[in-house]
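Whatever order the structure lists ligands and atoms in, that order sets their numbers, starting from 1.
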Amino acid sequence: MADTDDTTEPGDMDGMDDSPVMYVQPSVSGAAKILVVGPMGVGKTTLIGTVSEITPLSTEATMSRAGARLDTVVSPSKTTTTVALDFGRITLGGELVLYLFGTPGQQRFLPAWKDLARGALGALALVDTRDLEASFDAIGHLEDLDVPFSVAVNSFPDSALHNEEDLRSALDLLPHTPLVICDAREHKSSVQALISLVSHLIETVAEAP
Ligand SMILES: Nc1nc2c(ncn2[C@@H]2O[C@H](COP(=O)(O)OP(=O)(O)OP(=O)(O)O)[C@@H](O)[C@H]2O)c(=O)[nH]1
Ligand SMILES: [Mg+2]
């Protein structure tokens with residue numbers, strides 16, 4: 001996404017690394033920390049990898065195929081899971097840099113969220129309509145931590161079609177919470193989901209007393 005002409009420099013600060021480093025564009029005037037959350041296998045790592053203008057950091061580890069969601073919903077081709085965090089960066093409109101932090105999807109990592117959420121301006125909550133209940137914990141946790149969020153349904157080939165009203169009701173979303181459909185593998189679609197979140201955050205700030 002970024003124009004690499006002005007921003008790419010050799011990463012030779014220590015004389016060890018010749019890989020290009022993507023510096024933040026000079027036009028950037030603001031930055032925000034954003035969480036990408038959701039249940040295991042919903043596509044958090046995929047989305048961050050799709051949109052990131054820097055090589056994303058991921059902390060994948062091989063997982064055993066134990067667990068109800070794994071056996072019934074998540075593709076057998078998924079063999080790893082995030083164990084600490086994902087990290088990526090995207091510049092929107094040349095002015096705003098989003099630092100994206102993906103949380104681990106497994107339940108047992110939920111306590112780590114508190115640290116990851118520190119300083120986050122907002123969150124994109126990914127939802128898998130094949131297993132809506134699996135998203136309740138992530139959304140509930142955002143509410144507990146008071147992190148504003150928008151919801152993006154990541155569609156899979158076997159996802160049933162639901163109308164927006166039913167989804168909102170099933171997820172118990174407030175009327176002002178944005179709900180969009182995305183494909184975490186598609187750049188444009190994933191960026192649109194992030195833009196819906198940023199627009200929501202701007203509105204939330206504007207409406208704050
Ligand atoms: N069909 C389809 N497959 C997807 C989509 N997004 C992700 N996948 C696939 O689904 C699998 C899960 O993606 P991940 O990005 O690892 O999921 P995650 O949310 O990071 O999972 P955890 O880190 O284990 O919580 C991968 O094999 C992706 O290729 C999508 O939009 N459509
Ligand atoms: Mg992951």
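Regarding atom 19 (O) of ligand 1, its nearest protein heavy-atom neighbour is K44 NZ, 2.7 Å. Among protein heavy atoms, the minimum distance from atom 30 (C) of ligand 1 is reached at R185 NE, 3.4 Å. Taking atom 16 (O) of ligand 1 as the reference point, the nearest protein heavy-atom neighbour is K78 NZ, 2.9 Å. In terms of protein heavy atoms, atom 13 (O) of ligand 1 is closest to T46 OG1, 3.3 Å. Nearest protein heavy-atom contact of atom 23 (O) of ligand 1 is T82 OG1, 2.8 Å. Counting only heavy atoms of the protein, atom 17 (O) of ligand 1 lies nearest to G43 N, 3.2 Å. Remark: minimum distance from atom 21 (O) of ligand 1 to any protein heavy atom is reached at G41 N, 2.9 Å. At the top of the distance list for atom 24 (O) of ligand 1, counting protein heavy atoms only, stands T81 OG1, 2.5 Å.
Using 4.0 Å as the threshold, G38 has no heavy atom nearer than that to any atom of ligand 1.
With hydrogens and angles left out, the side-chain atoms of E53 and T91 include a donor and acceptor closer than 3.5 Å. With 3.5 Å as the limit, one finds a donor-acceptor pair spanning the side chains of T45 and T82.
To the nearest 0.5 Å, the span separating CG on L124 from CG on L100 amounts to 9.0 Å. Within the model, atoms NE2 of H200 and OG of S150 stand 7.0 Å from one another, a figure rounded to the nearest 0.5 Å. The distance from atom OG1 of T129 to atom CG of N154, rounded to the nearest 0.5 Å, is 9.5 Å. Atoms CD and CD, from Q192 and E186 in turn, are 12.0 Å apart once rounded to the nearest 0.5 Å. Atom CD of E164 sits about 12.0 Å away from atom OG of S169, to the nearest 0.5 Å. The line from OH of Y99 to CZ of R89 is 5.5 Å long, rounded to the nearest 0.5 Å.
Between F156 and ligand 1, not a single N/O pair is under 3.5 Å apart. Between G105 and ligand 1, at least one pair of N/O atoms sits closer than 3.5 Å. Below 3.5 Å of separation, one finds no N or O of P104 facing any N or O of ligand 1.
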For L142 and W113, what are the C-alpha separation, side-chain angles and deciding distance, and is it a side-chain contact (heavy atoms from CB on, under 4.5 Å)?
CA-CA 9 Å; L142 290 175; W113 271 49; 3.9 Å; yes

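Less than 4.0 angstrom separates some heavy atom of A184 from each of these atoms of ligand 1: 6 (N), 31 (O). Each of the atoms 1 (N) of ligand 1 lies under 4.0 Å from some heavy atom of P157.
Counting heavy atoms from C-beta on, the side chains of L173 and F149 come closer than 4.5 Å.
In L174, the CG atom is crowded: over 12 heavy atoms of neighbouring residues, nucleotides or ligands sit closer than 6.0 Å.
A salt bridge between K44 and D86 is absent, with no side-chain N of the basic residue lying under 4.0 Å from a carboxylate O of the acidic one.
Under the rule for a salt bridge (charged side-chain N to carboxylate O under 4.0 Å, His left out), the partners of R118 that lie at least two apart in sequence or sit in another chain are D115.
The proximity of S155 to ligand 1, defined as any non-hydrogen pair under 4.0 Å, is limited to the backbone.
Considering each of D86, N154, L47, the one bringing a non-hydrogen atom nearest atom 6 (N) of ligand 1 is N154.
For the pair S199 (side chain) and I195 (backbone), a donor-acceptor distance under 3.5 Å is present.
Among protein atoms, those of element N, O or S found less than 2.8 Å away from the Mg ion (ligand 2) are T45 OG1, T82 OG1.
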